[in-house]
Amino acid sequence: ILRTRWHIILGATIIALAIGTISVYRITPLYTATALVMLDSHQNRMVASVALSQSDSASYYYDPALIENQIQILNSRGLAARVIEKLKLDEDPQFNPGLLPPKPSEPGILDGLWRFAGNLNLRNWLPSAPVIVAPTDEQQSSKKREELIDIFQGGLTVRSRGLSTAIEISYVSPKPY
């Protein structure tokens, strides 16, 4: 069977390799930054994990509620808003898609079909009074801020490390900063 069907096997292999190669080149690389923070449970404050010495670590104890509280604070929208403001992430096109130049759209066959189908709808033949309510500047600003926070939090991961007082904070981004 291999001798008679070798051209089919070779063709399928070449097609699979071509699809795989194209897929690899089209995938956006993702970069991850990770920080490990240790919670000082005696004073209820965060300290850098590198600042602790071996002798200090014996006096720490594990409190799951305290760890969970800190994780919730690190995941909070208020803290995310402060990070966005301090780092001026609203000026970065990765977080504010409104700064990207608009992509030119090319009308396709489906666009023409949708327009034709829309013309067949009897509701489009009857005049209707348009109700247009323009959002206020404050509403637009608030919506933009919420979208920025959503985009920022989409790459953020905060989790505890086992039964220790360490918290791992990771951020995934398509751009290395």
Side-chain angles (χ1 to χ4, degrees), residues 12-106 133-177:
T13 303
I14 291 172
I15 290 172
L17 284 173
I19 290 172
T21 303
I22 292 170
S23 297
V24 166
Y25 282 110
R26 292 187 51 97
I27 293 174
T28 303
L30 295 177
Y31 301 90
T32 303
T34 302
L36 189 61
V37 178
M38 184 167 282
L39 182 67
D40 182 358
S41 57
H42 288 295
Q43 298 177 6
N44 195 16
R45 62 185 173 98
M46 300 290 247
V47 295
S49 61
V50 294
L52 295 175
S53 66
Q54 293 272 344
S55 61
D56 292 333
S57 62
S59 63
Y60 290 92
Y61 68 96
Y62 177 73
D63 183 5
L66 182 64
I67 302 295
E68 187 59 32
N69 286 344
Q70 296 300 327
I71 290 173
Q72 293 301 320
I73 290 169
L74 291 169
N75 276 322
S76 71
R77 294 182 74 78
L79 183 60
R82 289 186 5 217
V83 168
I84 290 169
E85 182 180 328
K86 184 168 182 149
L87 298 178
K88 296 181 173 46
L89 297 179
D90 57 336
E91 299 171 7
D92 186 341
Q94 177 188 341
F95 297 97
N96 190 353
L99 298 176
L100 293 172
K103 294 181 181 177
S105 63
E106 298 177 12
V133 178
T136 64
D137 289 340
E138 184 178 322
Q139 289 172 332
Q140 287 177 340
S141 174
S142 176
K143 182 180 177 188
K144 181 188 270 189
R145 180 176 177 259
E146 294 300 317
E147 289 172 353
L148 284 169
I149 291 171
D150 290 340
I151 291 170
F152 175 78
Q153 286 187 324
L156 182 67
T157 305
V158 181
R159 63 182 181 164
S160 62
R161 295 281 300 254
L163 296 177
S164 70
T165 58
I167 297 175
E168 182 180 277
I169 305 167
S170 298
Y171 196 83
V172 178
S173 171
K175 289 174 67 177
Y177 285 97

Would you be so kind as to tabulate the donor-acceptor pairs closer than 3.5 Å made by side chains of residues 79-86, with sequence neighbours excluded?
none

* Partner set under side chain to side chain donor-acceptor pair (under 3.5 Å) for Ser170, not counting sequence neighbours -> Thr34

For the atom pair [atom1] ([X]) and [atom2] ([Y]), what is the distance rounded to the nearest 0.5 Å?
X	Y	atom1	atom2	answer
Thr165	Ile67	OG1	CD1	5.5 Å
Glu68	Gln72	CD	CD	5.0 Å
Arg159	Ile169	CZ	CD1	12.0 Å
Leu17	Thr21	CG	OG1	6.0 Å

* **Heavy-atom side-chain contact between Val37 and Gln70 under 4.5 Å** => no

* To do: Only counting residues at least two apart or in another chain, list the ones meeting salt bridge (charged side-chain N to carboxylate O under 4.0 Å, His left out) with Arg145.
  => none

* For Glu138, all residues meeting side-chain contact (heavy atoms from CB on, under 4.5 Å), sequence neighbours excluded -> Thr136

* Applying side-chain contact (heavy atoms from CB on, under 4.5 Å), name anything that partners Ile27, two or more places apart in sequence or on another chain. => none

List the atom pairs, with distances to 0.1 Å, where a side-chain N or O of residues 147-158 and a protein N or O form a donor-acceptor pair under 3.5 Å, not counting sequence neighbours.
| from | atom 1 | to | atom 2 | distance (Å) |
| --- | --- | --- | --- | --- |
| Asp150 | OD1 | Arg77 | NH1 | 2.9 |
| Asp150 | OD1 | Arg77 | NH2 | 3.0 |
| Gln153 | OE1 | Arg77 | NH1 | 3.4 |
| Gln153 | NE2 | Asn75 | O | 2.6 |
| Gln153 | NE2 | Ser76 | O | 3.4 |

